[in-house]
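All residue numbers refer to positions in the sequence shown, counting from 1. Worth knowing before you read on, the calculation uses all heavy atoms, side chains too, and leaves out hydrogens, waters and symmetry mates.
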Amino acid sequence: MYNIAEAVSETEITLITRDECVYCEKAKELLQEKNVLFTELHLGLDVTRDSVVTLWPEAKMLPLVFKKDEYVGGYLELLDYLNPPLPLKD
């Protein structure tokens, strides 16, 4: 098991995922399409559920997406992060 806080802070983008998670797969595909390097930590293999809940109690669904040690959110927040909205014209 990893020291989760240390592992998340060491890479630009970190995903915490699990098996049979559609949005986890979509997040990985999106990052690969955008050529964004990321580290994947697998819940149950690399990190424990308890360590995740202790550090990020607001995180309720997978994947968990982090930019450095900042919690971004899940798949939809990752979409927003990678595709910011265009500014409105006056």
Side-chain angles (χ1 to χ4, degrees):
M1 295 279 171
Y2 287 84
N3 174 328
I4 187 171
E6 186 177 301
V8 165
S9 68
E10 288 179 353
T11 59
E12 188 64 28
I13 299 289
T14 303
L15 296 180
I16 297 178
T17 65
R18 68 172 172 82
D19 289 337
E20 299 179 20
C21 169
V22 173
Y23 284 107
C24 297
E25 293 303 317
K26 287 179 171 251
K28 291 188 284 185
E29 289 169 8
L30 177 64
L31 290 167
Q32 290 165 349
E33 286 172 11
K34 299 277 188 178
N35 293 316
V36 176
L37 296 176
F38 66 94
T39 298
E40 179 181 7
L41 300 176
H42 196 274
L43 192 66
L45 294 176
D46 301 316
V47 296
T48 65
R49 181 186 178 283
D50 289 343
S51 63
V52 171
V53 170
T54 299
L55 291 169
W56 299 283
E58 72 277 14
K60 304 292 183 203
M61 303 173 89
L62 293 175
L64 302 181
V65 181
F66 299 89
K67 180 180 186 285
K68 290 286 186 187
D69 57 355
E70 177 187 343
Y71 174 62
V72 173
Y75 173 72
L76 296 177
E77 291 80 12
L78 178 62
L79 272 175
D80 290 341
Y81 174 75
L82 294 175
N83 302 299
L86 297 172
L88 297 174
K89 291 185 179 180
D90 290 333

Any side-chain heavy-atom pair of K34 and N83 under 4.5 Å: yes
Hphob cluster co-occupancy, L31 + L76, side-chain heavy atoms under 4.5 angstrom: yes
Heavy-atom donor-acceptor pair, E25 side chain to V22 backbone, under 3.5 Å: no
Nearest atoms (heavy-atom pairs only) where E40 meets D46: O-OD2, 3.9 Å
Inter-residue atom distance E70.CD - T14.OG1, 0.5 Å rounding: 12.0 Å
Shared hydrophobic cluster for L82 and L79 (ILVMFWY, side-chain gaps under 4.5 Å): yes
Which atom of P63 lies closest to which atom of T17, heavy atoms considered: CB-CG2, 4.3 Å
Exceeds 12 heavy-atom contacts within 6.0 angstrom, atom OH of Y23: no
Side chain to side chain contact (heavy atoms under 4.5 Å, CB included) between V36 and L30, intermediate numbers included: CA-CA 9 Å; V36 176; L30 177 64; over 6 Å; no
Atom pair OH/CG of Y75 and D80 - distance to nearest 0.5 Å: 10.5 Å
Closest heavy-atom pair and its distance - L62, C21: O-SG, 3.8 Å
With H42, the side chain to side chain contact (heavy atoms under 4.5 Å, CB included) member among I16, D19, L15: D19
Verdict with supporting geometry, V72 and I13, side chain to side chain contact (heavy atoms under 4.5 Å, CB included): CA-CA 10 Å; V72 173; I13 299 289; 5.8 Å; no
For the student: nearest non-hydrogen atoms of Y71 and W56, plus distance: CB-CD1, 4.1 Å
Pairwise distance CZ(R49) to OG1(T54) - rounded to 0.5 angstrom: 9.5 Å
NZ (K28) with more than 12 external heavy atoms under 6.0 Å: yes
Spatial distance of atom OG1 (T48) from atom CG (L43) [nearest 0.5 Å]: 7.5 Å
Residues forming a ring pair (Phe, Tyr, Trp, His ring centres under 6.0 Å) with Y81, sequence neighbours excluded: none
